[in-house]
Chemist: 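Quick one: the structure is below, and I'll ask about it shortly.
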Amino acid sequence: MLDKNGIARRIAQELQDGYYVNLGIGIPTLVANYIPQGIDVEFQSENGILGMGPFPIEGNEDPDLINAGKQTITALPGAAYFDSAMSFAMIRGRHVQLTVLGAMEVSQNGDIANWKIPGKMVKGMGGAMDLVASAENIIVAMMHTNKAGESKILPECTLPLTGVGCVKKVVTELAVLEIKDGAFHLLERAPGVSVEQIIAATAGKLVVPEVVPEMNLLD
Amino acid sequence: MLDKNGIARRIAQELQDGYYVNLGIGIPTLVANYIPQGIDVEFQSENGILGMGPFPIEGNEDPDLINAGKQTITALPGAAYFDSAMSFAMIRGRHVQLTVLGAMEVSQNGDIANWKIPGKMVKGMGGAMDLVASAENIIVAMMHTNKAGESKILPECTLPLTGVGCVKKVVTELAVLEIKDGAFHLLERAPGVSVEQIIAATAGKLVVPEVVPEMNLLD
Amino acid sequence: MALNKVVANAEEACRGIQSGMTLMVGGFGLCGIPENSIAQLVKMGVINLTCISNNAGVDDFGLGLLLQKKQIRKMISSYVGENEEFERQMLSGELEVDLIPQGSLAERCRAGGAGIPAFFTPAGYGTEVGEGKEVRIFDGKPHILESALTADFAIVKAWKGDTAGNLIYKATARNFNPLMAMAGKTTIAEVEELVPNGQLDPNQIHTPGIFVQRIFQGKSYEKRIEQRTVRKA
Amino acid sequence: MALNKVVANAEEACRGIQSGMTLMVGGFGLCGIPENSIAQLVKMGVINLTCISNNAGVDDFGLGLLLQKKQIRKMISSYVGENEEFERQMLSGELEVDLIPQGSLAERCRAGGAGIPAFFTPAGYGTEVGEGKEVRIFDGKPHILESALTADFAIVKAWKGDTAGNLIYKATARNFNPLMAMAGKTTIAEVEELVPNGQLDPNQIHTPGIFVQRIFQGKSYEKRIEQRTVRKA
């Protein structure tokens, strides 16, 4: 079973040289720590920076330089700043090659719910609806089940949707799933996790091939 | 009767302090030479400059700095350069207070034709259709009649239109006309021009008040 | 010959803002917000405001200051977390909230300034954001029709500005400011440094002065950091 | 970590451009045109091109060079005067011409790059440009629906660029270049000065590198002036 860093590490293997990548808040942010050797990617943050670098060294924080999570950041050589319309032009125009997002629920046709729980305070969707509606390649980083042990990998989402038919891949603490043809296709098991565990934790339609390899978590 | 410079001089009196102004090619360009004392205006050229200045002194031409007529120009202190989408955002968004354009024909409901003559080489509308569709205040600078003596101030345009119902005022060598309620309203006569001359040269519906003052061409 | 948009201070800049008006307020989180103008709005006590702003500040800073005084009737935003008073007013029904995807919010402000009354976007299709909106398929993909936003006043914050109203923003403090500057019937710009015309490179202007009606040099910028994150040296 | 988009020269940059493709070519008149890439297209001899460009050059410069060789099948432009060969081909029916209002052309390119498939604009309503297009009234005023433009390749010219593809244009040579850079499936940028990453101020980038796939330093820029106008000292 993977921890959050393990999920991020597995997702990082999906990066390809030359990708522009938008990482959501939470587990997705951790992906930046596991970029494979020999791969150059550039991070976009939708509040208006391309070429986002690591957090600043203490004392060097610039209140005018933050990411979409409102955290102080730095800019790498070759960075660019821009306004919010330009930022979402990049996103809607499919210039960002990979978006990694968290989710509360994902359905077998690729719907995603990650912004609103009825009866609870609604904070808003921020840029999530633009991202999921636009990205060519969306990977969801999430836990397979909720705290009550109920599956979040569903036939249909029960929560209000963020986007429809958009998620291509899900990486959880248990598995890597590909979404196509109205089903989750089990691609990989997490280390030490059995196919049975995954089947038990998955409420949506799951296609299980004869052989399901264990993830190879490269350094 | 006015010459081209006279028409420009009269139009310049329509400038108000603080106006952003777009001047078309031809007579409109001359308006910049007659800005009244005490009036500050700024010129926009739709290829991407605000704060356009006079032509450069010989030897100082910059091929990267031209106006919409492709002439070498200069920029005044406080100028700004921008791309063509931003430029027409200014125009369509009604941030430019006055547009001065030439025309082949104008009709009594404010239609304008100034881009195409059937059977002749069509060069294109450039920015004219955006300008006439967008400006709150459009003044047309033109000759009252064509070379054959036929009126260009018409009940309906005969040439392909550039825009409909958009022209507010027309200044010709003979008169200042306001367009409203489907008619040309005679506001002023050019020096030495009689009301009869104007009536004779105007094919469109013309409303003539009892007293038609002669233009006061301030210096 | 360039025009002079300079006013003395926030008080003069905000003159004419009245209760019931719609205001656009620049900034993302607390980054790039017009601190001086917000303080002036609190002082003026105008109420029943509709505020279009990506966020709603925190309890004791940014638009949170107006929320505390119950000056805002409606917020149009993309994300409104980090604000307890906001939550209380929203749940009690005192405050109306219209949530819009961030990219649509940005594009709708730009459209409002650019004379584009409506446009199609894929964002929000199939969600409650798309409910009641026209749907059209382009290139096999459903899109919804979104309309332009404008405001009686747009209030933005820039790093540098000149007397003609040209603005340059700094880093990610740019965010919504240039778009809202375009969409205000009257646009107020407060800047950290106001310079005479000719001192800003015309090639490097982010907001051309044509969009700005009033400009003033702000003072005592706090520039509060919402999430201070650092690494070891 | 920033990406490297540098190619050696126009030949390498234009690799993959084929006959029958749609190209966007930046510039207004002869100002800000990608001279090196145009020369390379002549050399490559690709034909049946659809060129989206505000103008069509003059007889012996700019896109006029491609027209002379009859490499262009269709021009999508706003103004095509100053070119006799263009006129001849157009009148003889060899060349198809689609004339678009300049502002709509600019906005349609931006929309193509920004994932906005269509938008409403007042420009062209009631004229032949509006014929066959959907009309809708907003705020009492008729508008027409215009669609986005994209291209197989966009070819732009900038003043300075870095290895990550970030671009800065000079003065009015900016014009359509940043918009077309957004709308190319592949975007080629030729620059007067190519610098290492870190040498351009990230606050002053006109075209962020994400829009540029290939960049090279051009040479021997002629920068011909179309209308040399001067005043006495």
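Labels below follow one simple rule: chain letters A, B, ... track the order of the sequence lines, proteins then strands, and each chain is numbered from 1.
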Chemist: Looking at chain A, which one of C/Arg110, C/Lys232, C/Arg231 has the largest number of heavy-atom pairs inside 4.5 Å, strictly under?
Modeler: C/Arg231
Chemist: Go through the atoms of A/Tyr81 and report whether side chain, backbone, both or neither lie under 4.5 Å from a heavy atom of chain C.
Modeler: both
Chemist: May I ask you to test the C/Glu192-C/Gln217 pair for a side-chain heavy-atom distance under 4.5 Å?
Modeler: no
Chemist: Pull out the residues in residues 114-121 of chain A that come under 4.5 Å of chain C, heavy atom to heavy atom, sorted by number.
Modeler: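 The list, in residue order, reads A/Trp115, A/Lys116, A/Met121.
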Chemist: Do C/Phe176 and C/Phe28 have their ring centres less than 6.0 Å from each other?
Modeler: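 No; C/Phe28 has its ring centre 6.0 Å or more from that of C/Phe176.
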Chemist: Report, by ascending residue number, the residues of residues 163-184 of chain A in heavy-atom contact with chain C at a distance under 4.5 Å; give 'none' if the set is empty.
Modeler: A/Gly163, A/Val164
Chemist: Using a 4.5 angstrom heavy-atom cutoff, name the option from C/His143, C/Lys141, C/Arg108, C/Arg224 with the most pairs to chain A.
Modeler: C/Lys141
Chemist: Quick check on the structure: residues of residues 131-146 of chain A within a heavy-atom distance below 4.5 Å of chain C, by number.
Modeler: A/Ala133, A/Ser134
Chemist: Let me know if C/Asn55 has heavy atoms under 4.5 Å from chain A in its side chain, its backbone, both or neither.
Modeler: side chain
Chemist: Select one option (side chain, backbone, both, neither) describing which atoms of C/Phe86 are under 4.5 Å from chain A's heavy atoms.
Modeler: side chain
Chemist: If you take all heavy atoms of A/Leu76 and A/Pro54, which pair is closest and at what distance?
Modeler: CD2-CD, 4.1 Å
Chemist: Please report the shortest heavy-atom distance between C/Pro122 and A/Arg92, naming the atom on each side.
Modeler: CD-CD, 3.9 Å
Chemist: Show me the donor-acceptor pairs within less than 3.5 Å that the side chains of residues 95-103 of chain C make with the rest of the protein, sequence neighbours left out.
Modeler:
residue: C/Glu96; atom: OE1; partner: C/Arg73; partner atom: NH1; Å: 3.1
residue: C/Gln102; atom: OE1; partner: A/Gly127; partner atom: N; Å: 3.2

